[in-house]
Novice: 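This structure is in structure tokens; I'll ask about it shortly.
Every chain is numbered from 1, with letters handed out A, B, ... down the list of sequences. Side chains included, hydrogens not; waters and symmetry mates left out as well; all remaining heavy atoms used.
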2 protein chains.
Amino acid sequence: MDDEQPTLADVARAAGVSVATASRALTGSRPVSGDRVRRVQEASRALGYHPNAVASALRLQRTETVGLVLPRYTTGFLSALIESVSEGLEQHRISLVLRYSEADAQHDVDNVGSLIARRVDGIIICPPSLEASRESIAAAGAVPVVQVGRFVETDRTDSVGLDEDRATDLLVAHLAERGVRSILVVGLDQEVAADSRRIRALALAASAAGLELAVAPFTAAVLEGGIRAGEWLVAEGGVGEVPEGGRGGRPVDAIVCANDDVAAGVLAVLRMHGVAVPARVQIASLLDLAPGAEDHSVTTLRHPWPAMGREAVRLLLDARQPGHDRIARRVTLAPQLVPGASTLP
Amino acid sequence: MDDEQPTLADVARAAGVSVATASRALTGSRPVSGDRVRRVQEASRALGYHPNAVASALRLQRTETVGLVLPRYTTGFLSALIESVSEGLEQHRISLVLRYSEADAQHDVDNVGSLIARRVDGIIICPPSLEASRESIAAAGAVPVVQVGRFVETDRTDSVGLDEDRATDLLVAHLAERGVRSILVVGLDQEVAADSRRIRALALAASAAGLELAVAPFTAAVLEGGIRAGEWLVAEGGVGEVPEGGRGGRPVDAIVCANDDVAAGVLAVLRMHGVAVPARVQIASLLDLAPGAEDHSVTTLRHPWPAMGREAVRLLLDARQPGHDRIARRVTLAPQLVPGASTLP
DNA sequence: TTGTACGCGTTATCAC
DNA sequence: GTGATAACGCGTACAA
């Protein structure tokens, strides 16, 4: 109720001991006689004392604080990550400072700069863009950084991401089980390193399962891109004509999309043109964008966000240890296959 | 790259001035000759200096930090609030410390205690439960608190919430326009003060529009409650039989549910029993639980979360002003009606 | 076991 | 305009 928070000196005075003893009694950093411990604790409670974490941080050169930097997604598909990170940190009595980033590089550097100024003990960052984030990660200097979700190559930061190989294997196996013979990939860009890796992994998994695989011309990995891809498919992609082997085109019977948005676009256009899904063509997505939703119309791969958050916290706290050798570690976690109505049951 | 962050003393030494001058040059708190300003800024940049916000906070007795306490919802329907609060604070260069609360009262008090220990300048809290939160709000002591979303009566905190009267008016008007004559309310508990207020507001709006209104026996305001309510409706609620005025029961042609979950349960059960929605009965919800989703099957009222976040920040920053009189202010914002397929177009 | 005194990095006060 | 210095609240090395 008082306007000023009581200080350790107030507690010590009330308990009739020195500030040193009061400090030791409350933190348990050194032995104090049982009698005085009790007196200090009573005084502390009576005064409503809350240790000043600011002063403590200044003295200890440690804030017990971690920064989390996320891209701003109105769909909120990262809230599961926030919650799991928050929970993991809370178990270690560490506070979470949250910042949102824009694609704008300068904003990202400012974000990290602000966290550095606050002397956070570590930073967990989901890089908003590959080029912008390299700079901001470098700006972190000596502060431990863990990247989560997306991933910028550096030699100094740990990272936790999806096990991409496992993801493609899972999806291809699912499709093969449902009788698929030939897959068309939509929304991945051969020119982008990460995408091209995914394509290669898909091709590998497909050939191992005896399936054919082709890649559609690139369209942006958003809803509009899916719609454009759907229209291309109907016009030229060997999906429009009902009988198999119509022209020289490949008789595609499955479409794998970069993410849920693309898949939604493709699905809508195909249905508009009377293409039966999943009877004639099955559709699946490589990336779940709405982990909250329970009813999935499209079969998709879900990021294990809670586990990723826990893992990021673990890496970060481990990197705080004095004897840490600072060799970049990369943890990958398996995605979860979420079956939807767009593939056969 | 160095392991230690440079301090103001380092900058001052490099620039050949005193720490006092360096401080003044960087903060602009007092005039410094142009020449020295330039030298200090150069030294600062050359050393990669970031002012230590911890030391500054200790000295100024102000952390430029605000705590946000939210209930843990895996649906993530509060992410819009987090984003808007974060954005509002960022404009004032204030950092956001995020904590999740449980229904457990002790946990909630601990949350606030941790924020007090960190000496946050203010707290924005969405009370997880009415009884638990009164205590934690009291624990905030002299720190300004703004409640958002839900609302615990206190005489000392500002709050921002939904304009409930406007909400009920909006929904009743929508239904009246669609030819509704008689409304049944589901999922609201007469025994709970807030719910009973809502029921009264609905009754008022209904009678003003010439509609009848009745309240179904209370079932929990979650999906299961909606299912139970749906079954009750089919069996006894005057919805199952097709012709109007079958028994003495009221010929209900609209159901207003406490929230989307309840509505989803009711909708599913009615459809299972062949009741045509919205042709025979229209369904609407008083509370949108998934502001992210674009396709709403149920007509609902959406909280203006972004505006609520902005308003909460505004109230909090205003309460930090020295001359603030600490009289509790309550801001209410109008919800947005989101039409779905469960009412006539 | 206990107390005294210093320093963490910054800003405000005071004297020049 | 500028510089020396005290103080913010705490933890701990040192002395007792």
Novice: By salt bridge (Lys or Arg N to Asp or Glu O under 4.0 Å), which residues pair with A/Arg62, not counting sequence neighbours?
Specialist: A/Glu64
Novice: Which atoms form the tightest heavy-atom contact between A/Gly122 and A/Val143, and what is the distance?
Specialist: CA-CG1, 3.7 Å
Novice: Would you jot down, in residue-number order, the residues of residues 53-63 of chain A having a non-hydrogen atom under 4.0 Å from DNA chain D?
Specialist: A/Ala55, A/Ser56, A/Arg59, A/Leu60
Novice: Taking 5' to 3' order, which nucleotide of DNA chain C is first and which is last to have an atom within less than 4.0 Å of a heavy atom in chain B?
Specialist: C/dG9 to C/dT13
Novice: Tell me the closest heavy-atom pair linking B/Ala140 and B/Ile123, and the distance in Å.
Specialist: CB-CD1, 4.4 Å
Novice: In residues 29-48 of chain A, what residues come within less than 4.0 Å of DNA chain C, judged by heavy atoms?
Specialist: A/Pro31, A/Val32, A/Ser33, A/Arg36
Novice: Measure from the side-chain N and O atoms of B/Thr65 to the backbone N and O of B/Thr63, and report whether any donor-acceptor pair falls under 3.5 Å.
Specialist: yes
Novice: Which residues satisfy the side-chain hydrogen bond (donor to acceptor under 3.5 Å, both in side chains) test with B/Ser159, sequence neighbours excluded?
Specialist: B/Arg330
Novice: Under the 3.5 angstrom rule, does the side chain of A/Ser101 hit a backbone N or O of A/Leu70 as a donor-acceptor pair?
Specialist: yes
Novice: Students should find this one: the first and last nucleotides of DNA chain D, 5' to 3', lying under 4.0 Å from a heavy atom of chain A. What are they?
Specialist: D/dG9 to D/dA13
Novice: Give a yes or no on whether the backbone of B/Leu8 and the side-chain of B/Arg13 come within a donor-acceptor separation of less than 3.5 Å.
Specialist: no
Novice: Testing the basics here: between B/Ile125 and B/Pro127, what is the closest heavy-atom pair and its distance to 0.1 Å?
Specialist: O-CD, 3.5 Å
Novice: Looking at every heavy atom in both A/Tyr49 and A/Pro6, which two are closest together, and how far apart are they?
Specialist: CD1-O, 3.3 Å
Novice: Do any of residues 9-25 of chain A sit with a heavy atom less than 4.0 Å from DNA chain D, and if so which?
Specialist: A/Ala20, A/Ser23, A/Arg24
Novice: What pairs of residues pass the salt bridge (charged side-chain N to carboxylate O under 4.0 Å, His left out) test when at least one of them lies in residues 102-126 of chain B, not counting sequence neighbours?
Specialist: B/Arg72-B/Glu102, B/Asp121-B/Arg320
Novice: Specify the closest pair of heavy atoms between A/Ser84 and A/Gly309, including all atoms of both residues, with the distance to one decimal.
Specialist: OG-CA, 3.3 Å
Novice: With no hydrogens and no angle check, is any side-chain donor or acceptor of A/Gln147 less than 3.5 Å from a backbone partner on A/Val160?
Specialist: no
Novice: Once side-chain hydrogen bond (donor to acceptor under 3.5 Å, both in side chains) is applied, do any residues pair with B/Thr332, and if so which ones, sequence neighbours excluded?
Specialist: none
Novice: Kindly state each residue pair satisfying salt bridge (charged side-chain N to carboxylate O under 4.0 Å, His left out) with at least one member in residues 39-55 of chain B, sequence neighbours excluded.
Specialist: B/Asp35-B/Arg39
Novice: Looking at five pairs on each end of the helix from C/dT1-D/dA16 to C/dC16-D/dG1, what is the angle between the two axes, given to 10 degrees?
Specialist: 40°
Novice: What residues, two or more places apart in sequence or in another chain, satisfy side-chain contact (heavy atoms from CB on, under 4.5 Å) together with B/Val19?
Specialist: B/Ala9, B/Ala12
Novice: Please say which of A/Leu26, A/Val17, A/Val37 ends up in a side chain to side chain contact (heavy atoms under 4.5 Å, CB included) with A/Val32.
Specialist: A/Val37
Novice: State, to 0.1 Å, how close A/Glu90 and B/Tyr100 come at their nearest heavy-atom pair, and which atoms those are.
Specialist: OE1-O, 4.3 Å
